Amino acid sequence: MVEPLVPFAPPVRLAALLARRELGLRLVAGDPDTELHWVHTSEMADPYPYLLGGELLLTAGVQLADPERFVARAAEAGAAALGFGVTPVYDTVPGALAAACARHGLPLVEVEPGTTFAAVARAVWRLMADARLHELRRVTDAQRALATAAARPGPVPAVLRVLAARLGGRAALYAPDGTEYAAAGRGLTPREAAALDRLVAVVAGEERRPSSAADTVGGAGGTAGAGAGAPGVRLAAYSLGTGREGLTLGLALARHEEADQRIAETAMVLLSLLTAPHQGADEATRSAALVRLLLGARPEEVAPLLGEAPWTVVHARGGDGQAPPPALGTPLVDAAEGTVRALLSAGRDVAPQPGWTLGVSAPAGPGELAAADAQARRALRRAQAAHTGLARHRAGGLDALVDPAEADAHARALLGPLLDSPALVETLRVWLSLHGGWDRTATALGVHRNTVRQRIARCAALLDADLEDAQTRMELWFALRRL
């Protein structure tokens with residue numbers, strides 16, 4: 001029998017499909033716990049060439065001349081189950097077909113008259129989609145729980161406890177010499193413990209070692225030789241570091257699902273950061289803080305790890321795309337899509353940087369970082385439009401008199417006709433900042449002055465506005481600063 005390919009969505013059990021009463025399906029033979037990976041319909045006398053493995057194979061028996069051969073070939077191809085429609089060719093499921101399915105261990109389902117194969121397939125896809133959603137929610141919940149555990153005192157034992165509970169098994173950390181010094185979850189049988197020790201030794205070896213190893217103990221084909229049909233226990237070992245100081249994470253998982261692998265990988269990253277011997281204290285705590293933020297922790301929970309509040313956000317753009325980030329005196333720097341963003345702790349002033357244009361936010365607390373990021377972005381745009389090296393967020397003025405949400409909504413409504421054209425928005429911004437100077441705007445944008453005139457005329461037409469009017473210019477400038 002071939003091994004079925006693994007689809008994006010998790011499989012569903014045949015019993016879940018049988019439980020859909022509107023389909024009227026009846027199990028004639030076989031195991032209702034069989035897993036279905038997808039659905040395929042075929043009326044070929046030999047379906048083998050058209051199967052990938054794991055399918056619920058639907059047929060009305062149009063060419064069912066030899067039930068024994070048909071079932072044997074379907075089972076050989078790895079089909080998970082056979083669904084037989086009793087109309088229009090047959091009135092009942094042929095006895096020879098049921099007997100052949102029983103002999104080959106292929107579950108057989110009767111599809112009643114009035115139930116289309118398309119309805120059966122749609123039900124399978126819906127069940128798979130529901131299973132996928134459940135899996136994603138389980139992973140997300142586990143990641144949040146792991147991140148919360150990593151923020152507690154004694155984070156390593158806390159992460160191990162959460163990991164063992166979420167996997168329904170055991171999680172342990174092993175020293176380089178293979179001794180276990182921290183663990184959580186259920187105890188292992190002697191066979192499981194011996195098998196996990198072997199995996200840890202493979203991963204912790206000094207020469208040409210893999211970063212991970214896995215095995216199954218018990219179950220059909222398992223290394224411990226448990227009874228046939230038992231699912232077995234999945235064992236895995238992951239290296240958490242390099243060299244002789246690296247630790248190893250050993251796991252015993254009750255399930256073999258993709259979600260469990262994702263949860264284990266998240267814990268592995270957290271434990272690597274929490275136990276890395278090569279990191280200094282500041283680097284390790286910053287790394288842990290950033291991981292926790294990515295995994296859903298609130299800014300207030302990780303703020304103490306980043307330094308003393310408040311913070312300042314800086315946005316910077318340079319003339320040379322290959323230049324290193326500006327020296328702002330902080331390691332919390334992100335460079336993406338041409339803009340450098342940096343987070344500076346309290347008391348650190350921001351000075352102009354040669355070759356860079358900077359926008360600086362007002363000081364902000366943990367819950368105000370998103371607003372500070374928007375302030376720095378707007379300040380950078382103002383600095384670029386005014387051709388100055390540095391611009392700071394200015395409190396007060398019109399911004400202080402208008403609710404930020406209302407101001408943003410007003411800006412989007414006013415400038416809506418231009419938002420699909422970044423070139424028009426930027427041209428209008430620079431033109432207004434330079435008091436309507438055609439030549440200076442053309443020089444700033446690197447285009448011909450006629451191009452500027454055409455773009456501004458286009459802006460006036462789309463906005464249905466008189467751009468020579470001072471009040472109109474003021475309103476547009478205010479709106480542009482909110483983008």
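On a predicted model such as this, the values are computed, not experimentally measured, just so you know. We use all heavy atoms of the structure for the numbers below, so side chains are in, but hydrogens, waters and symmetry mates are not.
In this structure, CD1 in I263 is found 9.0 Å from CD in E135, a value given to the nearest 0.5 Å. With values rounded to the nearest 0.5 angstrom, L51 atom CG is found 10.5 Å from W38 atom CH2. Summarising the geometry, atom CE belonging to M128 is positioned 14.0 Å from atom CG belonging to L133; distances are rounded to the nearest 0.5 Å. Distance check: H315 NE2 to R341 CZ gives 5.0 Å after rounding to the nearest 0.5 Å. How far CZ of R138 is from CG of L136: 10.5 Å, rounded to the nearest 0.5 Å. Between the CG atom of L196 and the CD atom of E180 there is a distance of 8.0 Å, given to the nearest 0.5 Å.
D31 meets the side chain to side chain contact (heavy atoms under 4.5 Å, CB included) test with D33, T34; sequence neighbours excluded. Looking at residues two or more places apart in sequence or on another chain, you find a salt bridge (Lys or Arg N to Asp or Glu O under 4.0 Å) between R186 and E192. For P417, the side chain to side chain contact (heavy atoms under 4.5 Å, CB included) partners at least two apart in sequence or on another chain are L462, L463. Partners of S361 under the side-chain hydrogen bond (donor to acceptor under 3.5 Å, both in side chains) rule, at least two apart in sequence or in another chain, do not exist in this structure. Residues meeting the side-chain hydrogen bond (donor to acceptor under 3.5 Å, both in side chains) test with R377, sequence neighbours left out: none. For the side-chain hydrogen bond (donor to acceptor under 3.5 Å, both in side chains) test, residues two or more places apart in sequence or in another chain that qualify with R26 are E110.
Between L64 and T59 the shortest side-chain heavy-atom distance does not fall below 4.5 Å. Side-chain atoms of L271 and L247, non-hydrogen and from C-beta on, never get closer than 4.5 Å to each other. P47 places a side-chain heavy atom less than 4.5 Å from the side chain of L57. L17 places a side-chain heavy atom less than 4.5 Å from the side chain of V120. By the 4.5 Å heavy-atom criterion applied to side chains, D260 and L251 are not counted as neighbours. A 4.5 Å side-chain heavy-atom check between T115 and E22 finds every atom pair outside the cut-off. For the pair Q375/V313, no side-chain contact is recorded, criterion being any heavy-atom separation below 4.5 Å from C-beta on. Within the 4.5 Å cutoff, the side chain of F117 has no heavy atoms near those of the V39 side chain.
A distance-only check finds a donor-acceptor pair linking the side chain of E55 to the backbone of G53 [under 3.5 Å]. Formation of a donor-acceptor pair under 3.5 Å by the R429 side chain with backbone atoms of L480 is found in this model.
P155 and A150 make their closest contact through CB-O, 3.3 Å (heavy atoms, listed as atom of the first residue, atom of the second, distance). Here the closest heavy-atom approach between residue A267 and residue V159 is recorded as CB-CG1, 4.4 Å. Shortest non-hydrogen contact noted between A252 and V233 is CB-CG1, 4.1 Å. Minimum heavy-atom separation, T248 to A237: CG2-CB, 4.1 Å. Contact between A172 and L160 at its shortest, heavy atoms only, is N-CD2, 4.3 Å. Taking each heavy atom of T87 and A60 in turn, the nearest pair found is O-CB, 4.1 Å.
Looking at H104 and E68, their side chains do bring a donor and an acceptor atom within 3.5 Å of each other.
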Would R166 and D141 satisfy side chain to side chain contact (heavy atoms under 4.5 Å, CB included), going step by step from the backbone distance to the final call? CA-CA 9 Å; R166 296 288 173 163; D141 290 344; 3.9 Å; yes

L25 vs R20, test: side chain to side chain contact (heavy atoms under 4.5 Å, CB included). Steps then yes/no. CA-CA 8 Å; L25 304 179; R20 303 292 292 263; over 6 Å; no

Please report the C-alpha distance between L82 and C101 in whole Å, then the side-chain angles of each, then the deciding distance to 0.1 Å, and finally whether the side chain to side chain contact (heavy atoms under 4.5 Å, CB included) criterion is met. CA-CA 8 Å; L82 179 64; C101 286; 3.9 Å; yes

Taking it one step at a time, do L173 and L249 satisfy side chain to side chain contact (heavy atoms under 4.5 Å, CB included)? CA-CA 5 Å; L173 279 181; L249 172 65; 4.2 Å; yes

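Annotation for R137: atom CZ does not count as buried by contact number, only 12 or fewer foreign heavy atoms lying within 6.0 Å.
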